[in-house]
Amino acid sequence: MDQARAAVAAVVDPEIRAVTIEELGILRDVTVRDGRVVVSITPTYTGCPAMDVIRGDIRTALAAAGCPDAEVRTVYAPAWSTDWITEAGRTKLASAGIAPPDPVRRAGPVPLTLTARCPRCGSPDTEQLSRFGSTACKSLWRCRACREPFDHLKAL
């Protein structure tokens, strides 16, 4: 079971290859039912085009780990939240030049995002160029300090 869990947790997100599906918070559960590995995943948003690739990559990883008969279930409730991204995932996103969403909210009012901190130089002096970046879950920004464009993973 631990080997199956480790194999699935190491699957890389096909759209954001800097992070695994576990670090992105997509991986919900890995269990064994009637001798069969069952993996539950939640898409970052309904209609995410990467889900078919992720399901295939999970089956490939499990087969390589000695679990060829696996089931991958898609779970929609509760909906995925950027709060599920791990700290390691946030660090890796920034290292890859993608501004991670704001830190996890515990309670209180929802903060309004007026700027995204530049993942390259750290400056908050940035501007949004487009509500959509290289994928629908990201927006395109530019840093006024270092002049570099960057993606920002939208907070949900």
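Taking the side chain as every heavy atom from C-beta outward, P78 and W84 approach each other to under 4.5 Å. Contact check for T126 versus F150: side-chain heavy atoms found under the 4.5 Å cut-off. Counting heavy atoms from C-beta on, the side chains of R5 and L27 come closer than 4.5 Å. Side-chain contact between I21 and V8 is present, with at least one heavy-atom pair separated by less than 4.5 Å. Counting heavy atoms from C-beta on, the side chains of R59 and V39 never come closer than 4.5 Å. The closest side-chain heavy-atom distance from C146 to C118 is below 4.5 Å. Residues I54 and I41 meet the side-chain proximity criterion, which asks for heavy atoms closer than 4.5 Å. Side-chain contact between P43 and M51: present, with at least one pair of heavy atoms (C-beta onward) separated by less than 4.5 Å.
Two different hydrophobic clusters hold L129 and F132 under the rule that ILVMFWY side chains link at heavy-atom gaps under 4.5 Å. In the hydrophobic clustering of this structure, V37 groups with I26; members are Ile, Leu, Val, Met, Phe, Trp, Tyr whose side-chain heavy atoms approach within less than 4.5 Å, directly or through other members. Under the 4.5 Å side-chain contact rule for hydrophobic residues, W80 and V72 share a cluster. Y45 and I85 are assigned to two separate hydrophobic clusters, defined by single-linkage of ILVMFWY side chains at heavy-atom distances under 4.5 Å.
Looking only at distances, a side-chain donor or acceptor of K154 sits under 3.5 Å from a matching main-chain atom of R131. Side chain of S130 to backbone of G133: no donor-acceptor contact under 3.5 angstrom is found. T20 places a side-chain N or O within 3.5 Å of a backbone atom of E23 that can act as its donor or acceptor partner. Remark: the backbone N or O of R28 is not paired with any side-chain donor or acceptor of S40 at under 3.5 angstrom. A donor-acceptor contact shorter than 3.5 Å is absent between the side chain of D34 and the backbone of R36. At least one donor-acceptor pair under 3.5 Å links the side chain of T42 to the backbone N or O of V75.
Using modelled atom types and a 3.5 Å distance limit, the side chains of W141 and S139 yield a donor-acceptor pair.
In plain terms, the two heavy atoms of A96 and A18 that are nearest each other are CB-CB, 3.5 Å. Of all heavy-atom pairs spanning R144 and R147, the tightest one is O-CD, 3.6 Å. Between A155 and T82, the shortest heavy-atom distance links the atoms CA-OG1, 3.5 Å. Residue P124 comes nearest to T115 through the heavy atom pair O-OG1, 2.6 Å, listed as atom of the first residue, atom of the second, then distance.
K92 and E87 are not joined by a salt bridge, as no carboxylate oxygen comes within less than 4.0 angstrom of a charged side-chain nitrogen. A salt bridge does not link E148 with R142: none of the charged nitrogens is closer than 4.0 Å to a carboxylate oxygen. R55 and D52 are joined by a salt bridge, as a carboxylate oxygen and a charged side-chain nitrogen come within less than 4.0 angstrom of each other.
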Using side chain to side chain contact (heavy atoms under 4.5 Å, CB included), reason through L153 and V19 one step at a time and then give a plain yes or no. CA-CA 12 Å; L153 192 63; V19 293; over 6 Å; no

Stepwise side chain to side chain contact (heavy atoms under 4.5 Å, CB included) check, I16 with K138: CA-CA 10 Å; I16 308 173; K138 294 182 274 184; 4.1 Å; yes

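Going from atom SG of C137 over to atom NE2 of H152 covers 11.0 Å, rounded to the nearest 0.5 Å. Atom CD of E15 is separated from atom OG of S134 by 8.0 Å, given to the nearest 0.5 angstrom. Interatomic distance, CZ of R120 versus SG of C143, reported as 9.5 Å (0.5 Å rounding).
Exactly one residue among T135, I98, L93 makes a side-chain contact (heavy atoms from CB on, under 4.5 Å) with D151. That residue is I98.
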